[in-house]
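Please read the structure below before turning to the comments.
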Amino acid sequence: MTLRKPNLVPTKRLPDALIIGVKKCGTRALLEFLRLHPDVRAAGSEVHFFDKFYHKGFEWYRNRMPPTLEGQITMEKTPSYWVTRSAPKRVFAMNPAVKLLAVVRDPVTRAISDYTQSASKRPSLPRFEELALMDSPWGSVVDTWPPVRLGIYARPLRRWLRRFPRSRILIISGERLVVDPAAEMTRVQEFLNLKPVITEKHFYFNSTKGFPCLLKSESRSTPHCLGKTKGRNHPYIDPVALERLREFYRPHNERFYELSGINFGWQ
Ligand code: A3P
């Protein structure tokens with residue numbers, strides 16, 4: 001009888017799990033928290049294979065992955081997969097059993113977060129209200145403006161559900177990831193069939209930053225938060241404009257709650 005030897009040499013493999021979105025909902029936090037797990041190996045930067053570089057082929061993609069040992073999970077996160085029309089079909093072609101993770105957050109806050117990121121690069125950008133809404137006093141919502149459009153979560157989810165069963169997609173609350181990261185990470189580890197290694201012992205709340213931060217990680221042994229571009233201050237937004245946006249998202253949110261089977265309770 002020949003016993004198969006465990007693979008002790010790390011090898012690059014295609015991902016077993018993907019964080020597919022949603023932009024500005026906490027995707028970096030989720031990835032960094034997952035990297036605390038010794039059985040998770042993840043590409044550090046966004047690979048953009050299923051949207052921009054698909055033509056380069058699976059070998060190219062595999063080479064972007066970190067080497068993993070048998071029993072470890074290979075991962076990457078590229079939030080634009082969520083809204084790439086061809087991504088579900090392409091991901092399915094790679095591995096129909098892949099596990100998918102998506103973080104979502106109140107779409108109004110998400111839109112402001114998205115805008116804040118753009119405004120940090122282009123200080124001359126008009127006010128959020130002027131881009132998100134027609135005229136002043138604020139009229140209808142500009143649903144073609146990407147920061148607004150990306151908050152309509154039901155449409156992309158429906159596309160992913162045409163290829164993958166609901167049980168293969170974990171939908172994570174971006175709000176809960178901030179309020180109780182350990183509890184949310186318990187769900188994530190269960191979903192990925194990982195031992196529950198990531199617990200409250202890994203986190204502390206940094207009141208200056210207003211976000212949970214890490215006591216230590218693989219790369220740093222001292223307490224640290226995510227980078228300056230995560231957890232930015234948002235600009236003041238006219239409450240009337242906020243109300244318009246909330247009204248706009250209400251039916252879309254309802255559809256998303258139905259489709260996902262989770263009521264996120266966004267106002
Ligand atoms: P803001 O910077 O607008 O607050 P992504 O990584 O998908 O781009 O998401 C960025 C958002 O992650 C941040 O948006 C922030 O609200 C959220 N976030 C969640 N947990 C965080 C954490 N521990 N530290 C910093 N930001 C966090």
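Counting starts at 1 for both ligands and their atoms, in listed order.
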At under 4.0 Å between heavy atoms, which part of [X] makes contact with ligand 1: side chain, backbone, both or neither?
X: Pro79; value: neither
X: Arg105; value: side chain
X: Leu226; value: side chain
X: Tyr115; value: neither

[X] atom [atom1]: more than 12 heavy-atom contacts under 6.0 Å:
X: Lys89; atom1: NZ; value: no
X: Asn233; atom1: CG; value: no
X: Glu247; atom1: CD; value: yes

Identity of the nearest option to atom 23 (N) of ligand 1, non-hydrogen atoms only, from Cys225, Pro212, Gly231: Pro212

Summary of salt bridge (Lys or Arg N to Asp or Glu O under 4.0 Å) pairs that have at least one residue in residues 128-144, sequence neighbours excluded: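 Qualifying pairs, neighbours excluded: Arg127-Glu129.
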
Suppose I only count heavy atoms of [X] and a 4.0 Å limit; which atoms of ligand 1 are within that range?
X: Ser113; value: 1 (P), 3 (O), 14 (O)
X: Ala29; value: 19 (C), 20 (N), 21 (C)
X: Phe33; value: 23 (N)
X: Arg28; value: 6 (O)
X: Arg232; value: 1 (P), 2 (O), 4 (O)

Backbone or side chain, does any N or O of [X] fall under 3.5 Å from an N or O of ligand 1?
X: Lys77; answer: no
X: His234; answer: yes
X: Phe211; answer: no

So which protein heavy atom does [atom] come closest to, and at what separation?
atom: atom 19 (C) of ligand 1; answer: Val178 CG2, 3.5 Å
atom: atom 8 (O) of ligand 1; answer: Lys230 NZ, 2.9 Å
atom: atom 12 (O) of ligand 1; answer: Gly26 CA, 3.3 Å
atom: atom 7 (O) of ligand 1; answer: Thr27 OG1, 2.6 Å

Report all side-chain donor-acceptor pairs from residues 153-161 shorter than 3.5 Å, counting only partners two or more places apart or in another chain.
unit_1: Tyr153; atom_1: OH; unit_2: Arg105; atom_2: O; d: 2.6
unit_1: Trp160; atom_1: NE1; unit_2: Trp82; atom_2: O; d: 3.2

Parallel, tilted or perpendicular, as decided by the 30° and 60° cut-offs, for the rings of Phe49 and Tyr61: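 It falls in the parallel class, under 30°.
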
Donor-acceptor pair, side chain of Lys77 and main chain of Leu18, under 3.5 angstrom: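 Checking the backbone N and O of Leu18 against the side chain of Lys77, no donor-acceptor pair under 3.5 Å is found.
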
Donor-acceptor contact present, side-chain Gln267 to main-chain Gly265, <3.5 Å: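 Checking the backbone N and O of Gly265 against the side chain of Gln267, a donor-acceptor pair under 3.5 Å is found.
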
Phe53-Trp60 aromatic ring centre distance below 6.0 Å: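 Yes, the ring centres sit under 6.0 Å apart.
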
Glu254/Arg250 ion pair, N-O < 4.0 Å: no

Within-4.5 Å side-chain heavy-atom neighbours: Asp51 and Ser80: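 When only atoms from C-beta onward are counted, Ser80 and Asp51 do touch, with a gap below 4.5 Å.
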
